[in-house]
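Just so you know, ligand 1 is whichever comes first in the structure, and atom 1 is the first atom listed for that ligand.
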Amino acid sequence: MAGPISRRSTSASQPVRGSRIVVAIVIGVLIGCILALLYPHGLFSGDSDSGSEFQNRRLTKSNLQIGSTSCESSERVSMLKADIADLSSTNDELKKQIRELTQKLQAAEQKNGQAEQQVVVVGEPQKAGPFGTVKGIRTNPTVLPDETVNPRLAKILEKVAVKKELIVSLANSNVKAMLEVSVSSIKKAGITNYLVVALDDGIVDFCKENDVAFYMRDPDEGIDSVAKTGGNHAVSGLKFRILREFLQLGYGVLLSDVDIVYIQNPFDHIYRDSDVESMSDGHDNMTAYGYNDVFDEPAMGWARYAHTIRIWVYNSGFFYLRPTIPAIELLDRVADRLSHPPPAWDQAVFNEELFFPSHPGYIGLHASKRTMDRYLFMNSKALFKEVRKDAHLKKLKPVIVHINYHPDKLPRMKAVVEFYFNGKQDALDAFPDGSG
Ligand SMILES: *[C@@H]1O[C@H](CO)[C@@H](O)[C@H](O)[C@H]1NC(C)=O
């Protein structure tokens, strides 16, 4: 760059250069005058603020939309906003109150049916703290419980849930034998907040006989027609549709498949800081918690290494959802995709919706997520390939074991019960690592 410019300036002759300078100054002054008329507040100040101006406009627009839906609640919204503004100017003690008000504000905005367009206002803009002290929001506010979505279910949950949380399993008679093992382990572990969504009469009878809380959906309910008339893929979306109502009613739900043995109470071991907290299909720390996987393309020479981010999928047979808008959005996205072609595996869809970022033509889900401890929430690959062969790991007491990696589920579940409850040290030995 410097070369051509300096060469040009030295080669120009003196008189021509002088008159060019005068012309340039005159043109500059003229442009200055024109700009002063067009932009009385300055060219650059307007430019640098255009981002926030745009945001303000968006905020105003969303306020107007809320206002047109209901005057009364828009008044409430602006009152709450004013309260938040007041509070945020004072000190740290008020942070909790701000959070509560923000939750109320969000709830009020959701009430106006504006959940899709809502601008989440979390207090007034604040300055970032010193290095190392800033933390983004990860724990979203819970929804305002809405009993009108299913009063009958609301009554059941009131009885079954503990601290507004419960385990939910869907079952039909095909999986009754596994349900039996799972339920008996749940009882032995002292867990009371457990509910079976009974998909047929056989399971209703089983629950009655075994004193297990159950919920059978109303045959007139819309989702039942999906179960009956829909194909395989519509039915696999059922789980996600049913869970929605639990969250809408304000409950935290631990979805549990029936091929799971409980050894401890999972509610003593979850963090509750994320929208989605799930067990992993990973088999070591890297695959369960994420790692930098380097892709090598020698033909690229200097740039032969491309770095990738990898994580083994979350298991869609055992996950905890807080009752938040992002968690409900996840359920809706998965159910929606499973009800339309192309056919897809629910676990793949669950993970794609959870992890793919926004990109051109696509808005990604903004949900916070946490991978459960892989030894406490253990998959059957970890147990049979690693844990049972390691003297130290063998002594650890998992919270659950999920027989997700093996087709001979029932005998392996029974062996897990023998091993962890009855102390039978060789109970796991007969099985091959894989399905053989
Ligand atoms: C795996 O992760 C756990 C939890 O973060 C940690 O305590 C443990 O040391 C890790 N193990 C290895 C082998 O890195």
Side-chain angles (χ1 to χ4, degrees), residues 131-140 165 167 185 189 191 252 254-257 259-296 305-322 324 326-327 330 347 350-351 354-357 365-406 412 416 419-420 425 428-429 431-434:
F131 176 81
T133 65
V134 294
K135 298 272 184 287
I137 292 166
R138 63 209 75 180
T139 307
N140 283 306
E165 290 176 328
I167 301 170
S185 74
I191 301 159
L254 186 60
L255 181 280
S256 174
D257 280 357
D259 53 348
I260 291 175
V261 175
Y262 286 76
I263 295 131
Q264 301 186 59
N265 190 333
F267 294 108
D268 297 336
H269 298 273
I270 56 175
Y271 287 75
R272 304 178 177 82
D273 64 349
S274 305
D275 298 307
V276 183
E277 199 168 334
S278 180
M279 77 171 292
S280 169
D281 271 5
H283 55 263
D284 56 20
N285 278 13
M286 283 166 65
T287 55
Y289 306 145
Y291 68 108
N292 174 11
D293 189 28
V294 181
F295 171 82
D296 183 10
Y305 301 115
H307 293 256
T308 73
I309 301 296
R310 291 192 78 187
I311 187 167
W312 263 226
V313 289
Y314 278 8
N315 191 289
S316 62
F318 191 86
F319 56 85
Y320 176 77
L321 298 179
R322 293 183 67 243
T324 64
L330 171 67
Q347 180 158 283
F350 179 76
N351 278 274
L354 201 49
F355 288 101
F356 285 173
L365 179 72
H366 288 237
S368 54
K369 45 229 167 230
R370 163 182 284 280
T371 309
M372 289 174 170
D373 184 298
R374 68 186 194 87
Y375 287 127
L376 293 181
F377 298 88
M378 196 184 289
N379 63 52
S380 57
K381 184 165 163 179
L383 177 64
F384 286 96
K385 267 197 77 184
E386 183 192 6
V387 172
R388 67 169 172 167
K389 299 171 186 173
D390 182 300
H392 169 66
L393 293 175
K394 238 180 138 172
K395 288 192 198 113
L396 292 180
K397 198 175 166 190
V399 177
I400 62 141
V401 174
H402 187 181
I403 312 296
N404 61 322
Y405 267 107
H406 298 89
R412 288 193 194 240
V416 168
F419 183 79
Y420 285 109
Q425 283 301 301
L428 304 171
D429 296 353
F431 298 92
D433 286 2

ask   = Testing K381, M378, R374 for side-chain contact (heavy atoms from CB on, under 4.5 Å) with E386, which one passes?
value = R374
ask   = Distance below 4.0 Å between atom 2 (O) of ligand 1 and any protein heavy atom?
value = yes
task = With sequence neighbours left out, write down each residue that passes side-chain contact (heavy atoms from CB on, under 4.5 Å) with K389, or none if nothing qualifies.
result = D433
query = With respect to atom 11 (N) of ligand 1, which of D373, N285, D284 exhibits the smallest heavy-atom separation?
reply = N285
inquiry  = Going by a strict under-4.0 Å cutoff (protein heavy atoms only), does atom 9 (O) of ligand 1 have a neighbour on the protein?
reply    = no
query = Do I137 and T139 have side chains that get closer than 4.5 Å, going by heavy atoms?
reply = no
request  = Can you run down the salt bridge (Lys or Arg N to Asp or Glu O under 4.0 Å) pairs that involve residues 269-280, sequence neighbours left out, and say none if there aren't any?
outcome  = E165-R272, D273-R370
